[in-house]
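As the structure is a computational prediction, the values presented were derived from the model and not from experiment.
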Amino acid sequence: MTNNEYIRAYKKTQQSTNTVTSSHEIVRTLMKELINSMQKLVLDIQHERARKVDKFIADNEHEDKNMKKKSKNLSKSLSIIYGLQTSLDFDKALEIANNLFQLYEYCRQEIIKGFSQKIEDGIIKAIDIIKQIMEGWEEIPSFERKDG
């Protein structure tokens, strides 16, 4: 990265930090980003398979670019899941935290399996799970969302 790219990334981080006002919003934002990166990973896998089915001989540069993009989406997804897992509060709500941890872990495993086997079915199931968790998260009354 060049200095200008670092500066732009820092400014982008500052802007996103200013828009997030509570831990509830941080988790919600992480879940949205997780769904987005998992959906991109599914598209990357489908795109790769479609190119092979068409028996189109791709040049190495295109294949390298696709692999880097796919790896970036994998890395982002796994990093967000790790962040969600480590933010769970096992002291306040042990059962809920344990259940969420297990769901996140299942999603993590499905992402890794889908990436390595180039099969998107498990990742799609994981996306549905994250969407359900996010729906439940959004149903928390606003007065309970505020950090105190």
Side-chain angles (χ1 to χ4, degrees), residues 1-90 93-140 145 147:
M1 268 186 143
T2 65
N3 284 339
N4 288 336
E5 290 173 319
Y6 284 120
I7 291 168
R8 273 187 256 126
Y10 177 74
K11 285 181 180 179
K12 188 176 178 181
T13 302
Q14 274 187 318
Q15 290 170 349
S16 65
T17 302
N18 292 337
T19 61
V20 177
T21 58
S22 69
S23 60
H24 179 87
E25 276 298 310
I26 292 170
V27 171
R28 190 170 166 269
T29 301
L30 285 173
M31 285 188 196
K32 281 184 176 181
E33 284 298 314
L34 176 57
I35 290 168
N36 186 40
S37 64
M38 291 167 64
Q39 288 171 333
K40 287 179 182 178
L41 186 56
V42 167
L43 291 174
D44 293 341
I45 292 169
Q46 291 171 341
H47 176 73
E48 183 178 3
R49 189 172 45 253
R51 289 178 62 82
K52 288 182 181 174
V53 167
D54 289 342
K55 296 186 179 169
F56 178 76
I57 301 173
D59 58 87
N60 288 339
E61 184 179 328
H62 185 287
E63 290 300 316
D64 287 346
K65 186 187 261 187
N66 189 48
M67 183 51 99
K68 286 179 184 177
K69 198 170 84 171
K70 200 167 89 169
S71 295
K72 178 183 174 187
N73 291 322
L74 170 74
S75 177
K76 186 174 183 179
S77 296
L78 295 178
S79 295
I80 293 171
I81 288 176
Y82 177 76
L84 290 169
Q85 285 178 314
T86 57
S87 70
L88 293 170
D89 190 344
F90 290 90
L94 181 62
E95 185 177 350
I96 293 171
N98 277 331
N99 289 339
L100 285 172
F101 187 90
Q102 290 174 358
L103 287 170
Y104 293 144
E105 186 61 22
Y106 170 80
C107 292
R108 187 185 72 80
Q109 291 173 5
E110 288 300 315
I111 291 167
I112 293 169
K113 186 169 86 177
F115 178 84
S116 63
Q117 296 178 1
K118 298 176 177 130
I119 300 171
E120 71 273 10
D121 296 344
I123 300 171
I124 292 170
K125 288 177 189 175
I127 291 169
D128 289 339
I129 289 170
I130 298 299
K131 283 181 178 179
Q132 288 175 18
I133 294 170
M134 194 164 122
E135 286 171 11
W137 194 254
E138 289 175 343
E139 289 176 9
I140 296 172
R145 294 181 191 175
D147 294 333

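Of all the heavy atoms in Ile123 and Val42, the pair that sits closest is CG2-CG2, 3.5 Å. When all heavy atoms are compared, the tightest approach of Phe115 to Leu41 is CD1-CD1, 3.9 Å. Contact detail for Glu48 and Lys118: the closest heavy-atom pair is OE2-CE, 3.1 Å.
When the side-chain contact (heavy atoms from CB on, under 4.5 Å) test is applied to Lys125, the partners found at least two apart in sequence or on another chain are Tyr106. Residues satisfying the side-chain contact (heavy atoms from CB on, under 4.5 Å) test with Ile96, not counting sequence neighbours, are Ala93, Leu100. Applying the salt bridge (charged side-chain N to carboxylate O under 4.0 Å, His left out) test to Lys113 and every residue at least two apart in sequence or in another chain returns Glu110. Lys32 is linked by a salt bridge (charged side-chain N to carboxylate O under 4.0 Å, His left out) to nothing, counting only residues two or more places apart in sequence or in another chain.
Here the CD1 atom belonging to Ile35 is positioned 9.5 Å from the SG atom belonging to Cys107, to the nearest 0.5 angstrom. One distance of note links NZ of Lys68 with CG of Asn73; it measures 14.5 Å at 0.5 Å rounding. Rounding to the nearest 0.5 angstrom, the gap separating the NZ atom in Lys70 from the CG atom in Leu43 is 12.5 Å. In this structure, CD1 in Ile124 is found 11.5 Å from CD1 in Ile119, a value given to the nearest 0.5 Å.
Using a distance-only test at 3.5 Å, with no hydrogens or angles considered, no donor-acceptor pair links the side chain of Trp137 to the main chain of Val27.
Among residue pairs with one or both ends in residues 33-43, those qualifying as side chain to side chain donor-acceptor pair (under 3.5 Å) are Glu33-Lys76, Ser37-Ser77; sequence neighbours excluded.
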Verify side-chain contact (heavy atoms from CB on, under 4.5 Å) between Tyr104 and Ile130, making sure each step is shown before the conclusion.
-> CA-CA 8 Å; Tyr104 293 144; Ile130 298 299; 3.9 Å; yes
Cut-off 3.5 Å, no hydrogens considered: what does the side-chain donor-acceptor table look like for residues 78-88, sequence neighbours left out?
| unit_1 | atom_1 | unit_2 | atom_2 | d |
| --- | --- | --- | --- | --- |
| Ser79 | OG | Ser75 | O | 2.9 |
| Gln85 | NE2 | Phe101 | O | 3.4 |
| Gln85 | NE2 | Glu105 | OE1 | 3.1 |
| Thr86 | OG1 | Tyr82 | O | 3.1 |
| Thr86 | OG1 | Gly83 | O | 3.2 |
| Ser87 | OG | Gly83 | O | 3.3 |
| Ser87 | OG | Leu84 | O | 2.9 |

